[in-house]
Amino acid sequence: MSATQPLFLPNDGQPRCLWCAAAAGDAGYLHYHDNEWGFPVDEDRRLFEKLCLEGFQSGLSWRTILNKRAAFRAAFANFEIERMARFDAADIARLLQDAGIVRHRGKIEAVINNAQRCQELVAEQGSLAAYIWSFEPAAAAAPVMATESEASRALSKDLKRRGWKFVGPTTMYAFMQSMGLFNDHALGCVTRSRVEQARQGFKPPKVVLRA
């Protein structure tokens, strides 16, 4: 990607990443781009929520998932890992009847499984955040806008080894983009410098292995 790559210019005249054009006129989508996408996150609940939502997005658009995010939060106990890990067959039946979310049995069962696997990971690594940030790639000179990377493949492979589901390398790349493990905002995007500043002041958590 180069500095001459086309940008999206909404009505406010501030250039954004071109993908914002996919939902031109959607204020919520633009707000997500401006205030969430790419900013570094070190909170376990938010990281786990995004892992779940990226899994639900598989085969769909992010706009669809974002518009349903409030319903997902209500249905999945605000993505609190301990509570989700206790979901049972009755919860699965309830979720399959919830028109506010994506009613896909495989994805629903996957995120419940992942909550249980996340408990195991936290018990070993100290926190989900420390584990995720241990896969932070070296900073690139410019955004590359790929669909996967060496880092996303490594994260995907290790999560699958741990029994996680719906965590392929493309899904993990989108997750790492959005959670700020690297700055993939386009050159010239009004948000890129804000993300870079946030990353410079961010101290990634460290893994503390537990016996």
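For the single chain, residues carry numbers from 1 onward in sequence order.
Atom CD of Glu82 is separated from atom CZ of Arg45 by 14.0 Å, given to the nearest 0.5 angstrom. Atoms CD1 and CG, on Ile132 and Leu181 in that order, are 7.5 Å from each other to the nearest 0.5 Å. Put simply, CG on Asn114 and CE on Met84 are 8.0 Å apart, with the number rounded to the nearest 0.5 Å. Distance CZ/Arg161 to CG/Leu159: 9.5 Å, rounded to 0.5 Å. Of the inter-residue distances, the one linking Gln177 atom CD with Cys17 atom SG reads 9.0 Å to the nearest 0.5 angstrom. Atom-to-atom distance recorded for Asp44:CG and Cys118:SG is 6.5 Å, nearest 0.5 angstrom.
Using a 4.0 Å cut-off between charged side-chain N and carboxylate O, Lys203 and Asp42 make no salt bridge. Salt bridge annotation for Glu124-Arg162: present, with a cationic side-chain nitrogen under 4.0 angstrom from a carboxylate oxygen. Classification of Arg117 and Glu120 as a salt-bridged pair holds, one side-chain N sitting under 4.0 Å from a carboxylate O. Remark: Glu109 does not engage Arg103 in a salt bridge, criterion side-chain N to carboxylate O under 4.0 Å. One finds a salt bridge joining Arg199 and Glu136 here, because a Lys/Arg side-chain nitrogen approaches an Asp/Glu carboxylate oxygen to under 4.0 Å. Comment: Glu148 engages Arg153 in a salt bridge, judged by a side-chain N to carboxylate O separation of less than 4.0 angstrom.
Leu95 and Ile101 get closest at one heavy-atom pair: O-CD1, 3.6 Å. Minimum interatomic distance between Val207 and Ala130 (heavy atoms only, all atoms of both residues): CG2-O, 3.5 Å. When all heavy atoms are compared, the tightest approach of Ala115 to Ala85 is CB-N, 3.7 Å. The minimum heavy-atom distance between Gly163 and Asn113, with the atom names listed, is O-ND2, 2.9 Å. Nearest heavy-atom pair, Lys68 versus Ala99, reported as atom, atom and distance to 0.1 Å: NZ-O, 3.7 Å.
Considering only heavy atoms from C-beta on, Arg16 comes within 4.5 Å of Asp34 through its side chain. Taking the side chain as every heavy atom from C-beta outward, Ser178 and Glu36 never approach each other to under 4.5 Å. Side-chain contact between Leu51 and Phe79: absent, with no pair of heavy atoms (C-beta onward) separated by less than 4.5 Å. In this structure, the side chains of Ile92 and Asp88 stay at 4.5 Å or more apart for every pair of heavy atoms. Looking only at side-chain heavy atoms (C-beta outward), Asp26 and Asn67 come within less than 4.5 Å of each other.
Taking the six-membered ring where the residue is Trp, Phe56 and Phe72 present tilted rings, their angle falling between 30° and 60°. Below 30°, between 30° and 60°, or above 60°: for Trp37 and His185 the angle between ring planes is above 60°, a perpendicular geometry.
Surrounding CD of Gln14 are more than 12 heavy atoms belonging to other residues, nucleotides or ligands, all under 6.0 Å away. Few gaps surround CD on Glu196; more than 12 heavy atoms of other groups in view lie less than 6.0 Å from it. Enclosure of atom CG in Asn11 is not indicated, since only 12 or fewer non-hydrogen atoms of other residues, nucleotides or ligands lie within 6.0 angstrom.
Partners of Gln57 under the side-chain contact (heavy atoms from CB on, under 4.5 Å) rule, at least two apart in sequence or in another chain, are Glu54, Trp62, Ile65. Partners of Leu9 by side-chain contact (heavy atoms from CB on, under 4.5 Å), not counting sequence neighbours, listed by chain and number: Pro15.
Between Phe135 and Phe175, the distance from one ring center to the other does not fall under 6.0 angstrom. Less than 6.0 angstrom separates the ring centroid of Tyr29 from the ring centroid of Trp19. With ring centers used as reference points, Phe48 lies 6.0 Å or more from Phe76.
Note on Leu128: it does not cluster hydrophobically with Phe39, by side-chain heavy-atom contacts below 4.5 Å among ILVMFWY residues. Transitive grouping of hydrophobic side chains (ILVMFWY, heavy atoms separated by less than 4.5 Å) brings Met172 and Leu60 into a common cluster. Cluster membership check: Leu7 does not share its hydrophobic cluster with Val195, using side-chain heavy-atom separations under 4.5 Å among Ile, Leu, Val, Met, Phe, Trp and Tyr. Both Trp164 and Leu155 belong to a common hydrophobic cluster when Ile, Leu, Val, Met, Phe, Trp and Tyr are linked at side-chain heavy-atom distances under 4.5 angstrom. In this structure, Trp133 is a member of the same hydrophobic cluster as Met176, with clusters built from ILVMFWY side-chain heavy atoms closer than 4.5 Å.
Between the side chain of Arg192 and the backbone N or O of Asn183 there is at least one donor-acceptor pair closer than 3.5 Å. When atom types are taken as modelled, the side chain of Asp98 and the backbone of Gly100 share a donor-acceptor pair closer than 3.5 angstrom.
For the 3.5 Å distance criterion, the side chains of Lys107 and Ser58 fail to qualify, holding no donor opposite an acceptor. For the 3.5 Å distance criterion, the side chains of Asp158 and Tyr131 qualify, holding a donor opposite an acceptor.
Judged by the 6.0 Å and 45° rule, Arg94 forms a cation-pi pair with Phe87.
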Step by step, work out the side chain to side chain contact (heavy atoms under 4.5 Å, CB included) result for Arg69 and Leu66.
-> CA-CA 5 Å; Arg69 186 165 64 172; Leu66 185 62; 3.8 Å; yes
